[in-house]
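Since this is a predicted model, take the numbers as computed values, not measurements. Note on naming: letters A, B, ... go to the chains in the order of the sequence lines (proteins, then strands), and numbering restarts at 1 for each one.
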Amino acid sequence: MTTGTSENTGSAAAVTSSELLSVVASRELAGRRTVFAGIGLPTLAASLAHLTVAPGLEIVYESGVCGAHPSHLPETIADAVLITGAEAVIPMPTLFGSVLQGGHIDVGFLGAAQIDKWGNLNSSVIGDWHHPKARLPGSGGANEVMANSREVFVVMRRHDPRSFTEELDFCTSPGPDRALADGIRPLGAGVTRVITELGILAREGVGEELKLTALHPGVTAEDVKAGTGWDLQVADDLSVIEPPGDAELALLRDDVDPERVYLR
Amino acid sequence: MTTGTSENTGSAAAVTSSELLSVVASRELAGRRTVFAGIGLPTLAASLAHLTVAPGLEIVYESGVCGAHPSHLPETIADAVLITGAEAVIPMPTLFGSVLQGGHIDVGFLGAAQIDKWGNLNSSVIGDWHHPKARLPGSGGANEVMANSREVFVVMRRHDPRSFTEELDFCTSPGPDRALADGIRPLGAGVTRVITELGILAREGVGEELKLTALHPGVTAEDVKAGTGWDLQVADDLSVIEPPGDAELALLRDDVDPERVYLR
Amino acid sequence: MAVETATDKTMTMREAVGAYVRDGDTVSLEGFTHLIPTAAGHEIIRQGRRGLTVVRMTADIVVDQMLAAGCVSRLVSSFVGNSSAGSLGELRRRVERADPEPLAFEEYSHYGMICRYIAGAQRLPFYPLRSYGGSDLPGVNPAMRKVTSPYPGPDGESEQIYVVPPVNPDVTIVHAQRADRSGNTQVWGLTGVQAEAVYAARKAVVVVEEIVEDEVVRSDPNRTLIPAHAVDAVVVCPRGAHPSFAQGYYDRDNAFYRAWAGISKDKERLTAWLAEWVHGTRDHAEYVAKLGEEFWDGLAVGEAMSLPVNYGRRL
Amino acid sequence: MAVETATDKTMTMREAVGAYVRDGDTVSLEGFTHLIPTAAGHEIIRQGRRGLTVVRMTADIVVDQMLAAGCVSRLVSSFVGNSSAGSLGELRRRVERADPEPLAFEEYSHYGMICRYIAGAQRLPFYPLRSYGGSDLPGVNPAMRKVTSPYPGPDGESEQIYVVPPVNPDVTIVHAQRADRSGNTQVWGLTGVQAEAVYAARKAVVVVEEIVEDEVVRSDPNRTLIPAHAVDAVVVCPRGAHPSFAQGYYDRDNAFYRAWAGISKDKERLTAWLAEWVHGTRDHAEYVAKLGEEFWDGLAVGEAMSLPVNYGRRL
């Protein structure tokens, strides 16, 4: 691996935001067995992890595909290339009921329009639900992924106070703290990693706020605090993230997404 | 069809108990679309009805087979010959959940060790459940067939006061009257026909006792009352059952069960 | 043994929609990304149905089209987006600005929708699921309620769980690869929640790429996802799932998904699109022909045949 | 893209039972008439497990044998009979006369058992079902309880429904036609409740007629009833479901079912049978060999191949 930063190293000079986020997310999957992932960055991260830090990793898709062996990089979670040659394609009641709610997923990947300090997520509306400024797609399976995965990774392309907000406009997918307050016993830890272009926020479980634990080279804690809409806690042992290495980038570019479907 | 009785007509002279019960039961299926049937007499009755009074009849088996086209008469509800060439084989959760509990079954066939005047059935124990004189197989799917079929036909090989009893030793599969008393809303009518070698007892639904409605030729209402452990009501318009006709017997013997697997 | 007396349930799409979709009905259209019954949605538009409640997990292009055509007054869904290819313009106008009229929206999550179908199929008064704890969804959707378990939880205390109510559509319409004439329907690839949606419905219409002989279906009874007894009408409609795909028949039209964001954002373009492609075609066969053979060649797929299994025969 | 790194989970039956079935465990053995995991039951007997709770919808010959061998102290079941071929002698002695010792028995109905597996698989605190209203079963089985629906019933009144609790076996053992080495398991013909029983369990052992190459499984992913992530061990054991059958592999041994009524009725004959056929064989291969080729010829089945379907390939 290189030791340079994404700004100043030869091969990494052209590291895109997608590549950076994918590589960093992939490393966090070390040792995990099952990941529930959507298409895009989560697929890239999981596929790269499969080639590096988590060789036994299985990606389970929301569409019901387990053990996919696609001939081409899939463009959607239901891409026909995910089905042909897969190890199993299971009905949605089994996928959501027995696999996800049954507790077989180690890491769920989610995105969101807004996240708060407890890792609660909003993917429903901006503004008031009844008269929204912007109607977003909604939960899909996100509420279930949050409720039933052992932990959840969030990859956020934007790190700004509108997305990292003190108060969500609407909570679509609550973490375990909110679940407990509602009298419902959660299975997992909720969001444990938030990966952005500025760094990594982390928490381990119930009762813990997201805390800044790692920075990309050249980014300061103050930069991240400025991009965060709440008074962000900073870890004492704040570390610097190793930039994407040559080996990681080569795998990502040559093996995982050679057609650069997502590595735009 | 012949008009003679099973005792005195040429071709019907050899009518066995199984043939008699099958033919009489088949007639009661006129116009029904779906029947949930076990192997043995119910299969014979349903298969014969399919060839006579209910050409659109579908037999659904407890094992999950729908639209069977067996090459040989099946020996069990799960006989391999029922599966090969069937229109559908569905998982048990779908069979019991969506098909049976979902309300798709017009007639369920059940047997029992004991039946009472409300059509409640015992197939669990003779004697006290905790210290039974005889442990019987139990519900299987009988409790569900009773709870979820529009109506239930019972074929009883024995018509005696031990089987037709004032008080069940144990109620495995209750009719709708008992369900209502327990605060549960039943779907169907419960037992509507009980077919025996003496005649037919019938009731239409909630609040009605089984009543003797038809006799085989040569049998008197007193015979049936003597074989029944409660004070049996007798219909005013008590009819005489047409004995199995030549056409029915020919179909049963030549087409339905040519190897006489059940027509012993 | 049994004589063949299977009922022929085949009819045209026009006949099926005419017979089974009425103004004000609750209509479920299912197919999760795969086998979306688009052609059925288009025929509902052509026949000018009004006041429908549409139930669909992923409200996507076909729902946006039905909204734009004025067919829909209520939507029950768990994902209102154009896959990952942008927004649904008409849906956003309806929800954000009541333009041109309001849309009643019941928001669920995917599993909540699945559980509603299961409860509907299984005639259950409710279905429990480990979702929604702490979410704002129950606050805007009073159908999400809690039940206390009669068994102690892992900690010995009593345990609460959210439940959703059954949904029993007046009619469910699904698309599938093939069926026989009596409605035994075989699906492969992603099977979604179609079987449950069919069982939950009062009436069910199955739209298929092709009708096959009885022997084909019966050679593989485990492939029958929906048995004939649950089906009221069978409609043959090749390529009826476009722009979604039919595994083994044609691929997804990703370009159209991307284009829809732009078309639907502009009400005039959207209206023109509907006029040309839905109102301007007599039926789906015309729509398919209008797209042209060259277009369909671009979505063609090659062969990847399943290896057969032996069901066995008594010797 | 992804490199192949599938885990090889194959082991012998002796290893699998040794590793995953411990004294006092709750063991589910499923297979509804079809694919009954008899060979696994025999190995449990050989290894002398004690104090097991056996969970099985149809407690039939294999359960009677395990009872007779003294492995089982508690039975959870919905049908305790030898199919339609008579009684289970040992079970009746245990239940009716506590001979030679009592048997704790939790009685359910078939759907009650299915729902317990579903609840276990789906991590639900309970599962509702429209059974048991007015039955004496809840009186002898306090696990059957009632819940009031939070929604009004059809008549506007509140509605009650029975529920059953989840079952989460320590291990579930099922038999199947084939699997790959990592445990992707394909089943056809009657599929019973095997998938749910596996998902409900802490550990799962799949016994198969044959291991097939990855390409065979992957040529038909919809045939995979149990994905590898739910499987801990794969045991190859041809004819391991005898006297039940494996669709497409061998037929049911109806003669043995009929014989069992007589064997099991007489404790001495039963003990002798176990000594000869279970304790007297080192493993199932010996049991199979002891039955002899001529015997197996009598259960052979002919070919009835499924017609292939096209999963499609991107061109």
Asker: Given that the side chain runs from C-beta out, which part of A:Leu136 has a heavy atom under 4.5 Å from chain C: side chain, backbone, both or neither?
Answerer: backbone
Asker: Taking the side chain as C-beta and beyond, is there a heavy-atom pair between A:Ser139 and C:Phe79 under 4.5 Å?
Answerer: no
Asker: Rounded to the nearest 0.5 Å, how far does CG of A:Asp79 lie from CZ of C:Arg252?
Answerer: 8.0 Å
Asker: Are the side chains of C:Asp136 and A:Trp129 in touch, meaning some heavy atoms are under 4.5 Å apart?
Answerer: no
Asker: Can you say whether A:Ala80 sits under 4.5 Å from chain C via the side chain, the backbone, both, or neither, judging by heavy atoms?
Answerer: both
Asker: Under a 4.5 Å cutoff for heavy-atom pairs, which residue among C:Gln160, C:Glu107, C:Lys146 has the most contacts with chain A?
Answerer: C:Glu107
Asker: Walk me through whether A:Asp182 and C:Tyr162 qualify under side-chain hydrogen bond (donor to acceptor under 3.5 Å, both in side chains).
Answerer: CA-CA 10 Å; A:Asp182 192 19; C:Tyr162 274 93; 2.7 Å; yes
Asker: Evaluate the side-chain proximity of A:Met92 to C:Met57: yes if any heavy-atom separation is below 4.5 Å, no if none is.
Answerer: yes
Asker: With sequence neighbours left out, what residues match C:Phe245 under ring pair (Phe, Tyr, Trp, His ring centres under 6.0 Å)?
Answerer: C:His34
Asker: Is chain A contacted by the side chain of C:Tyr108, its backbone, both, or neither, given a heavy-atom distance below 4.5 Å?
Answerer: backbone
Asker: To the nearest 0.5 Å, what is the distance between OH (C:Tyr132) and CE (A:Met146)?
Answerer: 14.5 Å
Asker: Rounded to the nearest 0.5 Å, what separates atom OG in C:Ser135 from atom CD1 in A:Ile184?
Answerer: 11.5 Å
Asker: Among residues 110-121 of chain C, which ones touch chain A with a heavy-atom distance under 4.5 Å?
Answerer: C:His110, C:Tyr111, C:Gly112, C:Ile114, C:Ile118
Asker: Taking side chain as everything from C-beta outward and backbone as N, CA, C, O, which of these in A:Ala134 sits under 4.5 Å from a heavy atom of chain C? Side chain, backbone, both or neither.
Answerer: both
Asker: Do you know which of C:Glu196, C:Glu96, C:Arg130, C:Glu159 has the most heavy-atom pairs under 4.5 Å to chain A?
Answerer: C:Glu96
Asker: May I ask you to name which of C:Gly192, C:Ala304, C:Gly189, C:Gly81 has the most heavy-atom pairs under 4.5 Å with chain A?
Answerer: C:Gly192
Asker: Just to be sure I understand the criterion: a residue of residues 165-174 of chain A counts if one of its heavy atoms is under 4.5 Å from a heavy atom of chain C. Which ones qualify?
Answerer: A:Phe170, A:Cys171, A:Thr172, A:Pro174
Asker: Can you measure from OG (C:Ser78) to CG (A:Asn143) and round to the nearest 0.5 angstrom?
Answerer: 10.5 Å
Asker: Chain A heavy atoms under 4.5 Å from C:Gln194: which part of the residue, side chain, backbone, both or neither?
Answerer: neither
Asker: Between C:Leu91 and A:Arg135, is there a side-chain heavy-atom distance shorter than 4.5 Å?
Answerer: yes
Asker: For A:Arg162, check salt bridge (Lys or Arg N to Asp or Glu O under 4.0 Å) against everything at least two apart and list the hits.
Answerer: none
Asker: Do A:Arg185 and C:Pro154 come within less than 4.5 Å of each other through their side chains, counting heavy atoms only?
Answerer: yes
